[in-house]
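Have a look at the structure below before the remarks.
Throughout, a chain's letter reflects where its sequence line sits, starting with A, and its residues are numbered from 1.
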Amino acid sequence: MIRISGLHKHFGKNHVLRGIDVEIAKGEVFVIVGPSGSGKSTLLRCINFLEEHDAGEIAIDGEPMGWRLAPGGKRVRDKESNVSRLRSQVAMVFQQFNLFPHKTVLENVVEGPIVVKREPPGEAAERAAALLDRVGLSDKVDAYPSTLSGGQQQRAAIARALAMQPKAILFDEPTSALDPELVGEVLAVMKGLAHKGLTMVIVTHEMQFARDVGDRVMMMDAGQVVELAPAKSFFAAPRNPRTVDFLRRLQLRESSDAA
Amino acid sequence: MGQSYVWHFNVVWEYRQVFVRGAGITAQLTAGSLLIGLVLGLLLGLMRSSRSGAMRVPAAVYVEAFRATPVLVQLVWLYYALPILTGFQMGPILSVSVGLGLHTAAYFAEIFRAGIASIDRGQWDAAKSIGMGYGQMMRRIILPQAVRRMIPPFINEIATLMKLTTLGSVLAVYELLHEAQNLINNTYRPLEIYTTLAVAFFVIIYPIIWLSQRLERYLKARS
Ligand SMILES: Nc1ncnc2c1ncn2[C@@H]1O[C@H](COP(=O)(O)OP(=O)(O)OP(=O)(O)O)[C@@H](O)[C@H]1O
Ligand SMILES: [Mg+2]
């Protein structure tokens with residue numbers, strides 16, 4: 001469903017993604033882990049063309065994202081309207097939530113359906129109310145984001161993403177900005193989505209969640225894939241020494257946090 | 001002469017019609033140049049916020065050129081030099097409105113640019129990720145947030161613009177200053193008339209500045 005091949009990305013001289021090849025299947029919960037600066041966020045942002053990749057291809061259900069091949073074989077920027085259309089099919093949930101602060105929770109959720117997908121406002125509002133109910137925010141419909149807790153804001157952001165009826169949702173460390181006691185409520189909502197068969201690509205440091213909910217786990221380091229395995233075997237029997245090292249360090253941090 | 005001078009403000013009262021007429025022209029100049037300045041300033045501000053150099057550079061050249069030359073020279077050039085070059089002569093009121101409009105556009109452009117730049121990158125990301133195009137994103141997400149932060153500098157620029165309209169007197173536009181000078185030629189009462197003029201401008205402009213400062217503090221406290 002999301003096919004990534006030969007993907008490279010530079011920021012100036014910094015070679016951040018160094019040849020990524022992976023295909024994410026429909027309905028899969030695909031977890032990405034790796035140390036800070038390994039390129040996890042950049043990869044997610046490339047999938048939604050928030051960053052423009054330098055080489056390689058990203059295809060959503062076979063449609064290339066951002067770049068097209070011109071008749072001469074040259075890479076050219078795709079039309080803005082095509083980029084927007086593809087983006088609307090792949091929603092994104094951000095670490096910092098990024099709700100629109102000048103709009104209420106309901107307005108945040110109906111914005112995309114009404115403005116981008118041109119749904120009738122009445123229908124969009126009905127669907128939005130149902131989604132907000134599903135993420136446990138039916139009493140916050142008319143609240144402004146600044147009055148919500150972090151966990152509530154992130155759940156509203158997930159409802160906003162769902163409202164686009166996307167083919168997949170990309171999550172970039174959705175619980176990293178939350179107070180520890182609010183992490184659970186967001187993970188619970190995500191777990192519910194996974195069980196409903198939504199295609200999810202999740203960057204996270206929540207290893208317990210990755211193990212329980214993930215289908216496959218991919219470990220990145222220095223812009224490359226160092227391990228990609230079914231969740232069970234990824235954690236039970238990691239093969240790459242860097243994965244082993246990474247998991248051990250996370251465990252150490254968790255046990256020292258718990259102490 | 002200070003202590004022996006006898007003020008005769010009744011002259012001003014007698015000719016109040018002239019002041020009212022002048023104030024009308026001043027308002028007209030302000031409104032005309034404000035309209036031009038806002039529209040052109042928004043366009044230039046959007047161009048300066050663009051990622052493409054072909055958009056950014058011309059806008060930057062415009063802004064710097066208009067900020068680095070005196071307004072008076074710009075007005076005189078528009079009124080005297082442009083017709084010689086192009087054969088196209090605008091009337092004095094239109095000249096001043098257009099001249100001040102072009103000038104103030106450079107400052108409005110900076111206000112728009114700074115306002116747009118102050119919006120968190122996450123807002124752009126979120127708008128793009130739900131598939132909004134550039135126009136939708138600007139109109140519905142970025143500008144509504146940016147405009148709130150731009151209101152105080154906006155109001156300041158309007159006050160500045162109103163003061164600049166007095167330059168119209170140089171092109172014989174019958175705005176407040178020019179009317180006042182004519183009146184002095186008839187009445188020989190420069191002290192009363194200039195004083196009244198200064199007070200009139202203060203009474204109009206100070207509340208505007210006061211409002212902008214209040215708003216600025218209010219908006220700061222809320223964010
Ligand atoms: N907009 C940018 N401009 C320049 N360099 C960037 C930009 N975004 C990311 N980088 C660099 O790219 C590299 C990868 O960053 P990225 O954010 O993708 O890492 P990450 O794996 O998500 O890390 P973290 O776990 O800390 O979020 C880093 O060296 C970072 O400094
Ligand atoms: Mg990151």
Checked A:Glu111, A:Gln96, A:Met164, A:Gln95 vs chain B; the most non-hydrogen pairs under 4.5 Å come from A:Glu111
Please tell me if the side chains of B:Ile130 and A:Val115 come closer than 4.5 Å, counting only heavy atoms from C-beta onward. no
salt_bridge(B:Lys128, A:Glu52) N-O dist < 4.0 Å: no
Determine whether B:Asp125 and A:Met92 make a side-chain contact, defined as any pair of heavy atoms from C-beta on separated by less than 4.5 Å. no
Side chains of A:Arg87 and B:Met132, heavy atoms from C-beta outward: is any pair under 4.5 Å? no
A:Glu51 portion near chain B, given a 4.5 angstrom heavy-atom threshold: side chain
Pairwise side-chain contact, A:Pro101 with B:Gln145, heavy-atom cut-off 4.5 Å (strictly under): yes
Side chain, backbone, both or neither: which part of A:Leu170 has an atom under 4.5 Å from a heavy atom of chain B? neither
Measuring heavy-atom distances to chain A, does B:Arg140 have an atom under 4.5 Å in its side chain, in its backbone, in both, or in neither? both
Side chains of A:Phe100 and B:Pro144 in contact at under 4.5 Å (non-hydrogen atoms): no
Point-to-point distance, once rounded to the nearest 0.5 Å, from CZ of A:Arg160 to OG of B:Ser129: 6.5 Å
Give, as side chain, backbone, both or neither, the part of A:Val93 having an atom under 4.5 angstrom from any heavy atom of chain B. neither
